[in-house]
Amino acid sequence: VQPVESGGGLVQAGGSLRLSCTASGSIFSRVNIAWYRQAPGNQREWVARITSGGTATYGDSVKGRFTISRDNAMNTVYLQMSSLKPEDTAVYYCNCPTSGDWGQGTQVTVSS
């Protein structure tokens, strides 16, 4: 599973963005997928995870603002981000824990 992220960009504080994580292969629907982020000078931080069955869990810093979902027919996992804050600025990465694969990342910048 080789994830590819898209959807990053520049948004004002309070705005929304939706990130996508797409991967090829029939195994996609059977694996968990996670989102991480890394801001300059910081360690990579876990953001959210969705199981193959659709159960979602979130990091404390994004709970109530971000929503992770998946469309297995499209081999895509989404991260809907709302009420964005400047501290959400980071490169966002998609990860498949089963295969250990990471995407190349997509930049999200939230201006104040």
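Nothing fancy with the numbering, it's 1 onward along the sequence. Just so it is clear, the structure is predicted and the values come from calculations on it, not from any experiment. No hydrogens, no waters, no symmetry mates; every other heavy atom, side chains included, goes into these values.
The two atoms that bring P86 and S112 nearest to each other are CG-CB, 3.8 Å, heavy atoms only. Nearest approach of V62 to V47, heavy atoms of both residues: CG2-O, 3.5 Å. Shown here for S20 and W35, the closest heavy-atom pair between the two residues is O-CH2, 3.6 Å. For the residue pair Q2 and G103, the shortest heavy atom distance occurs at NE2-CA, 4.2 Å. Nearest heavy-atom pair across P3 and A23 is CA-CB, 4.1 Å.
When side chains are defined from C-beta on, V31 counts as touching I33, because their heavy atoms get closer than 4.5 Å. In this structure the side chain of Q107 never reaches within 4.5 angstrom of the side chain of Y92, judged on heavy atoms.
At least one test fails for R49 against the ring of Y36: distance under 6.0 Å to the centre or angle within 45° of the axis.
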- Query: Please walk me through it: do N32 and I50 pass side chain to side chain contact (heavy atoms under 4.5 Å, CB included)?
  - Reply: CA-CA 6 Å; N32 300 343; I50 189 165; over 6 Å; no
- Could you please spell out the steps behind the side chain to side chain contact (heavy atoms under 4.5 Å, CB included) verdict for V77 and I68? CA-CA 7 Å; V77 167; I68 190 171; 3.8 Å; yes
- Message: Evaluate S61 against E45 for side chain to side chain donor-acceptor pair (under 3.5 Å), listing each step before the verdict.
- Response: CA-CA 10 Å; S61 61; E45 174 191 16; 3.0 Å; yes
- Give the C-alpha distance, both sets of side-chain angles, the deciding distance and a yes or no for side chain to side chain contact (heavy atoms under 4.5 Å, CB included) between T106 and L19. CA-CA 8 Å; T106 185; L19 306 183; 4.0 Å; yes
- Item | F66 and L79: CA distance, side-chain angles, deciding distance, side chain to side chain contact (heavy atoms under 4.5 Å, CB included) verdict | CA-CA 7 Å; F66 290 11; L79 185 68; 4.2 Å; yes
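With values rounded to the nearest 0.5 angstrom, S16 atom OG is found 5.5 Å from Q80 atom CD. The distance from the CZ atom of F28 to the OG1 atom of T22 is 7.0 Å, given to the nearest 0.5 Å. Of the inter-residue distances, the one linking R70 atom CZ with N75 atom CG reads 9.0 Å to the nearest 0.5 angstrom. Separating the OG atom in S82 from the CZ atom in R65 is a distance of 9.0 Å, to the nearest 0.5 Å. Considering CD of Q38 and CD of Q43, their distance stands at 8.5 Å, rounded to 0.5 Å.
Between the side chain of T89 and the main chain of T109, no donor-acceptor pair closer than 3.5 Å is present. Judged by distance alone, the side chain of Q104 and the main-chain N or O of E5 form a donor-acceptor pair under 3.5 Å. Distance alone, capped at 3.5 Å, is enough to place a donor-acceptor pair between the T76 side chain and the M74 backbone.
In this pair, Y93 and W102 present their aromatic rings perpendicular. The plane angle is above 60°, beyond the 30 to 60° band.
Electrostatic pairing of D88 and K85 does not count as a salt bridge here, judged by no charged N lying under 4.0 Å from a carboxylate O.
Side-chain heavy atoms closer than 4.5 Å link hydrophobic residues (I, L, V, M, F, W, Y) into clusters, and following such links, even through other members, never connects V108 to V91. Under the 4.5 Å side-chain heavy-atom criterion for grouping Ile, Leu, Val, Met, Phe, Trp and Tyr, M81 is not connected to W46 through any hydrophobic cluster.
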